[in-house]
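Everything below concerns the one structure shown next.
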Amino acid sequence: MSVGTTSLTLVDAVLARIQMAQNQLLGKLDELDASTITHQGSLTTPPIAFHAWHIARFADRISSVLTGTEERWTRDAVAEHWSMPDVDLGLMHTGIGVPDAAALHLPGDETLRAYV
């Protein structure tokens, strides 16, 4: 696979796409204020913050698998810093199938953006 004159492996291409998606996510988050990001339409509706975390968390997991490196989530003890070490975060702690996404207490806007 090649992009321009640079030849990329499949792993490099996937990692580049993940980075592009993360940058797009950050760009969209930059268009929103903190109250919009954390707003819940109802008690059972997860806020945009959950979806942003879930996307970033899954990208962290995939990148780790592809590169053979430790996930940032575990390396930086993010769950502990966010006071979530015993919270059910779903499959592989990525938010997939989390029992109550709306009830998760995610960190403030800047801390969430830093993880994304």
Side-chain angles (χ1 to χ4, degrees):
M1 182 176 302
S2 66
V3 175
T5 60
T6 305
S7 180
L8 297 176
T9 67
L10 180 58
V11 169
D12 291 335
V14 171
L15 292 171
R17 289 291 184 168
I18 289 171
Q19 185 62 57
M20 185 177 68
Q22 292 303 101
N23 289 339
Q24 289 174 337
L25 176 58
L26 283 169
K28 292 301 178 187
L29 289 176
D30 285 344
E31 296 174 12
L32 305 173
D33 60 36
S35 64
T36 301
I37 291 170
T38 58
H39 175 75
Q40 286 185 247
S42 73
L43 292 176
T44 59
T45 305
I48 292 169
F50 168 79
H51 297 288
W53 167 78
H54 169 57
I55 292 166
R57 180 68 193 94
F58 202 74
D60 184 12
R61 174 82 178 145
I62 291 172
S63 297
S64 170
V65 169
L66 291 176
T67 62
T69 59
E70 188 174 12
E71 295 173 40
R72 181 172 174 214
W73 184 258
T74 52
R75 183 190 69 225
D76 296 348
V78 177
E80 288 76 15
H81 291 295
W82 291 4
S83 300
M84 299 172 73
D86 299 322
V87 176
D88 182 354
L89 297 175
L91 180 67
M92 298 176 288
H93 306 282
T94 61
I96 296 173
V98 70
D100 191 0
L104 288 180
H105 296 287
L106 294 168
D109 184 48
E110 291 305 313
T111 302
L112 177 64
R113 288 172 197 262
Y115 180 70
V116 171

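Under the 4.5 Å side-chain contact rule for hydrophobic residues, L25 and W73 share a cluster. Linking Ile, Leu, Val, Met, Phe, Trp and Tyr whenever their side-chain heavy atoms come within less than 4.5 Å puts I96 and I62 in one cluster. With hydrophobic clusters built from ILVMFWY side chains whose heavy atoms lie under 4.5 angstrom apart, V14 shares a cluster with V11. Hydrophobic clustering (side-chain heavy atoms under 4.5 Å, transitive across Ile, Leu, Val, Met, Phe, Trp, Tyr) keeps L15 apart from M20. At a threshold of 4.5 Å between side-chain heavy atoms, the hydrophobic network of Ile, Leu, Val, Met, Phe, Trp and Tyr places W53 and F58 in two separate groups.
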For this session: List the steps, then state whether side chain to side chain contact (heavy atoms under 4.5 Å, CB included) holds for R113 with I37.
Result: CA-CA 11 Å; R113 288 172 197 262; I37 291 170; 3.2 Å; yes
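Looking at heavy atoms from C-beta onward, H93 lies out of side-chain contact with T74 at the 4.5 angstrom threshold. For the pair Q40/P47, a side-chain contact is recorded, criterion being any heavy-atom separation below 4.5 Å from C-beta on. Counting heavy atoms from C-beta on, the side chains of L29 and I48 come closer than 4.5 Å. Side-chain contact between M92 and R57 is absent, with no heavy-atom pair separated by less than 4.5 Å. Looking at V78 and E71, their side chains never come closer than 4.5 Å, going by heavy atoms from C-beta outward. In this structure, the side chains of L112 and W82 come closer than 4.5 Å at one or more pairs of heavy atoms. Using a 4.5 Å heavy-atom threshold, the side chains of L89 and L104 count as touching.
Taking a 6.0 Å sphere around CZ of R75, one finds it holds more than 12 heavy atoms contributed by other residues, nucleotides or ligands.
The shortest non-hydrogen separation linking P85 to E80 is CB-OE2, 4.0 Å. Contact detail for A52 and V116: the closest heavy-atom pair is O-CG2, 3.9 Å. Residues S63 and T67 approach most closely at O-OG1, 2.8 Å, considering heavy atoms.
Between T94 atom OG1 and I55 atom CD1 the span is 12.0 Å, to the nearest 0.5 Å. With rounding to the nearest 0.5 Å, the separation of CG in L91 from CZ in R61 is 8.0 Å. Expressed to the nearest 0.5 Å, how far CZ of R17 lies from CD of Q22 amounts to 14.0 Å.
If you check the side chains of D60 and Y115, you find a donor sitting under 3.5 Å from an acceptor.
A parallel orientation is assigned to the rings of F50 and H54, their planes being inclined by less than 30° (bins at 30° and 60°).
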